[in-house]
Student: 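Starting off with a structure, shown below.
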Amino acid sequence: MTGTVIRSATQADLPALLEFEQGIVVAERPFDVTLKTGHINYYDLAEIMRSSNCEVVVVEQHGQIVASGFVEILTAKNHLRHDQYAHLCFMYVAPECRGHGLNKLVIDELIARSKARGISEVRLDVYAGNESAISAYEKAGFASHLIEMRKSI
């Protein structure tokens, strides 16, 4: 991947990251009937980039941002073996760059940054029907752990 750089995101990256967020929303709408219609935001990306508990990374190819992700260090429930865990979010690869291992590159970087903080547990959320994302995460070593169920009443 000549010309590929992975780095921490900066405030200057925010316009591209906000576009990526909308790409995530569009991709996930078919899997979640509970999402509001119209424009929505999942994250306060500017605040996340300032948080000491989060690290946002981007992948650049030839000066253009083509992938992203962030890790948030969270406190685990008191009955679990670990005190804290890394929660991966905002995983996105531009459509024209998919299939080239960029998502795995982001995951590996976020895991390395989590390990550097002494974290030994990594989790992420994925919609049960999103088979392509599930497959990508399984290739990266993740396994299904818990299924959340819902019902409208």
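Below, all heavy atoms of this structure are taken into account, side chains as well, without hydrogens, waters or symmetry copies. Numbering of residues begins at 1 and proceeds along the displayed sequence.
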Student: Mind jotting down which residue pairs meet the side chain to side chain donor-acceptor pair (under 3.5 Å) criterion with at least one end in residues 62-71? Sequence neighbours excluded, please.
Tutor: none
Student: With ILVMFWY side chains joined below 4.5 Å, transitively, what does V26's cluster contain besides itself?
Tutor: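 None; V26 is a cluster of one.
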Student: What residues form a salt bridge (charged side-chain N to carboxylate O under 4.0 Å, His left out) with R29, not counting sequence neighbours?
Tutor: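 Result, salt bridge (charged side-chain N to carboxylate O under 4.0 Å, His left out) vs R29: none returned.
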Student: Would L88 and V58 show up in the same hydrophobic cluster when neighbours are defined by side-chain heavy atoms closer than 4.5 Å?
Tutor: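 Different clusters.
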Student: Say you draw a straight line from CE of M49 to OG1 of T10; how long is it, rounded to the nearest 0.5 Å?
Tutor: 7.0 Å
Student: Under 3.5 Å, sequence neighbours excluded: what are the donor-acceptor pairs made by side chains of residues 131-139?
Tutor:
from	atom 1	to	atom 2	distance (Å)
S132	OG	N130	OD1	3.3

Student: Could you measure the distance from the CD1 atom of I48 to the CG atom of N53? Nearest 0.5 Å is fine.
Tutor: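 Here the rounded value is 11.5 Å.
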Student: Just to verify, what does K36 make a side chain to side chain contact (heavy atoms under 4.5 Å, CB included) with, not counting sequence neighbours?
Tutor: I40
Student: To the nearest 0.5 Å, tell me how far L45 CG sits from Q11 CD.
Tutor: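 That separation rounds to 9.5 Å.
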Student: Quick check on the hydrophobic clustering: are I111 and I6 connected, directly or via other members, by side-chain heavy-atom contacts under 4.5 Å?
Tutor: yes
Student: Same cluster or not: are I65 and V59 linked, directly or through other Ile, Leu, Val, Met, Phe, Trp or Tyr residues, by side-chain heavy atoms under 4.5 angstrom apart?
Tutor: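 No, no single cluster joins them.
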Student: Quick one: closest heavy-atom pair of G69 and L110, and the distance?
Tutor: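 So the two residues come closest at C-CD1, 3.9 Å.
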Student: Which residue pairs pass the salt bridge (Lys or Arg N to Asp or Glu O under 4.0 Å) test with at least one member in residues 113-125, sequence neighbours excluded?
Tutor: E55-R113, E55-R117, E109-R113, E121-R123
Student: Strictly by side chain to side chain donor-acceptor pair (under 3.5 Å), give each pair with a member in residues 88-98 just once, sequence neighbours left out.
Tutor: none
Student: Quick check: closest heavy atoms across D32 and Y127, and the distance to 0.1 Å?
Tutor: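 For D32 versus Y127, the nearest heavy atoms are OD2-OH, 2.6 Å.
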Student: Can you tell me how far apart CG (L124) and CZ (F142) are? Round to the nearest 0.5 Å.
Tutor: 4.5 Å
Student: Are V93 and V57 joined in one hydrophobic group, where the rule is that I, L, V, M, F, W and Y side chains link up if heavy atoms are under 4.5 Å apart?
Tutor: yes
Student: Go through the structure and list residues passing side chain to side chain donor-acceptor pair (under 3.5 Å) with R7, not counting sequence neighbours.
Tutor: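 So R7 forms a side chain to side chain donor-acceptor pair (under 3.5 Å) with D13, E60.
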Student: How far does OG1 of T4 sit from CD of Q61, to the nearest 0.5 angstrom?
Tutor: 3.5 Å
Student: Excluding sequence neighbours, so at least two apart, what forms side chain to side chain donor-acceptor pair (under 3.5 Å) with E47?
Tutor: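 Listed in chain order: R50.
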Student: With the 4.5 Å side-chain cut-off for hydrophobic clustering, are L14 and V106 part of the same group?
Tutor: no
Student: Mind checking side chain to side chain donor-acceptor pair (under 3.5 Å) for E21 and listing every partner two or more places apart, or none if nothing turns up?
Tutor: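 Counting only residues at least two positions away or on another chain, E21 forms a side chain to side chain donor-acceptor pair (under 3.5 Å) with N41.
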Student: Could you measure the distance from the CG atom of N103 to the CG atom of D108? Nearest 0.5 Å is fine.
Tutor: 9.5 Å
Student: Could you list the residues that satisfy side chain to side chain contact (heavy atoms under 4.5 Å, CB included) with A86, not counting sequence neighbours?
Tutor: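 Side chain to side chain contact (heavy atoms under 4.5 Å, CB included) list for A86, sorted by chain: V71, I73, S114, I119, V122.
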Student: Side-chain donor-acceptor pairs under 3.5 Å in residues 143-150, sequence neighbours left out?
Tutor:
from	atom 1	to	atom 2	distance (Å)
R150	NH2	S152	OG	2.6

